[in-house]
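Down below is the structure, laid out as structure tokens.
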Amino acid sequence: MLVCMTLFLARRENNPASVEFGYSFDVHCNAFFPVLVIMHVVQPLCWHIFIDTDTRLATFLGNALWVVAIVSYIYITFLGYAALPFIRGSEKILYLIAVVAFAFVMSVVMNANWGRHLINFYRIRIGE
């Protein structure tokens with residue numbers, strides 16, 4: 001994100017300012033906290049209730065948790081970079097939400113539960 005902000009969205013006229021690594025890391029940490037809470041607290045609590053079954057409703061609800069987490073990360077990242085006066089066009093970060101929404105709709109149509117796939121990946125890696 002640091003490279004994207006500095007190369008593509010920083011103004012170039014008479015201001016040689018660039019986004020500092022520390023600021024980008026702080027924005028990332030602030031944006032990652034809701035993702036951490038949703039994926040590592042809320043999702044495990046809801047796992048046996050509605051995510052581990054093979055229905056479209058379970059896929060919808062399980063993937064909705066992922067969408068909320070990813071969209072919150074994108075939006076908080078946007079807010080962090082929009083606060084910088086030398087960043088122009090920071091609203092382009094929000095275009096990623098459309099990609100996430102499309103992936104969500106396609107995953108529900110194909111009944112691909114992201115949470116279940118990730119847990120199966122972890123199970124394969126630890127040799128269960």
Side-chain angles (χ1 to χ4, degrees):
M1 209 43 123
L2 170 69
V3 174
C4 291
M5 292 298 119
T6 302
L7 292 179
F8 301 117
L9 299 179
R11 289 193 183 119
R12 300 254 188 251
E13 292 96 33
N14 292 325
N15 188 4
S18 65
V19 179
E20 295 177 4
F21 173 77
Y23 186 83
S24 292
F25 184 72
D26 186 48
V27 168
H28 163 73
C29 288
N30 291 336
F32 188 71
F33 183 72
V35 175
L36 185 71
V37 169
I38 292 169
M39 293 290 101
H40 294 282
V41 176
V42 176
Q43 184 175 354
L45 291 175
C46 300
W47 179 255
H48 292 293
I49 298 170
F50 60 80
I51 298 174
D52 199 26
T53 60
D54 195 24
T55 62
R56 280 205 201 279
L57 179 63
T59 300
F60 177 82
L61 294 174
N63 290 358
L65 285 175
W66 283 81
V67 169
V68 168
I70 294 168
V71 168
S72 70
Y73 181 85
I74 293 169
Y75 184 68
I76 294 170
T77 302
F78 159 73
L79 292 176
Y81 288 115
L84 295 176
F86 57 87
I87 296 291
R88 58 175 164 69
S90 60
E91 66 276 356
K92 293 176 185 169
I93 297 171
L94 296 176
Y95 295 161
L96 293 172
I97 294 174
V99 175
V100 172
F102 178 74
F104 173 67
V105 170
M106 293 306 295
S107 71
V108 172
V109 167
M110 296 186 310
N111 201 20
N113 193 327
W114 297 337
R116 238 184 27 224
H117 289 302
L118 185 68
I119 294 299
N120 289 337
F121 173 76
Y122 286 148
R123 286 180 180 159
I124 290 169
R125 290 198 37 120
I126 62 171
E128 248 184 51

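These figures come from a predicted structure and were not determined experimentally.
Residues passing the side chain to side chain contact (heavy atoms under 4.5 Å, CB included) test with Asp26 are Asn30, sequence neighbours excluded.
Across Ala58 and Thr53, no two heavy atoms sit closer than the pair CB-OG1, 3.1 Å. The heavy-atom pair separating Val71 from Val100 by the smallest distance is CG2-CG1, 4.2 Å. When every heavy atom of Trp66 is checked against every heavy atom of Gly62, the shortest pair comes out as CD1-O, 3.3 Å. Residues Ala31 and Thr77 come closest through the heavy atom pair CB-OG1, 3.5 Å. Between Ala64 and Phe104, the shortest heavy-atom contact is N-CE1, 3.5 Å.
Both Leu65 and Phe121 belong to a common hydrophobic cluster when Ile, Leu, Val, Met, Phe, Trp and Tyr are linked at side-chain heavy-atom distances under 4.5 angstrom. If you chain together hydrophobic residues whose side chains sit under 4.5 Å apart, Val27 and Ile76 never meet in one group. Residues Val68 and Leu57 share a single hydrophobic cluster, defined by chaining ILVMFWY side chains whose heavy atoms lie under 4.5 Å apart. Val67 and Val99 fall into different hydrophobic clusters, where Ile, Leu, Val, Met, Phe, Trp and Tyr are joined by side-chain heavy atoms under 4.5 Å apart, directly or via other members.
When side chains are defined from C-beta on, Ile74 does not count as touching Phe78, because their heavy atoms never get closer than 4.5 Å. The side-chain heavy atoms of Asp54 and Asn111, taken from C-beta on, include a pair separated by under 4.5 Å.
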Distance-only criterion, 3.5 Å: show the donor-acceptor pairs between side-chain atoms of residues 32-42 and protein atoms not counting sequence neighbours.
none

Test log, rule side-chain contact (heavy atoms from CB on, under 4.5 Å), inputs Tyr73 and Leu96: CA-CA 11 Å; Tyr73 181 85; Leu96 293 172; over 6 Å; no

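Paired with Phe60 under the rule side-chain contact (heavy atoms from CB on, under 4.5 Å), one option of Asn113, Thr55, Val108 passes, and it is Val108.
Heavy-atom neighbours of Tyr23 OH from other residues, nucleotides or ligands within 6.0 Å: above the threshold of 12.
A side-chain donor-acceptor contact under 3.5 Å links Ser72 to the backbone of Ala69. A donor-acceptor contact shorter than 3.5 Å links the side chain of Asn63 to the backbone of Trp114.
Rounding to the nearest 0.5 Å gives a distance of 6.0 Å between OG1 of Thr59 and CZ of Arg116.
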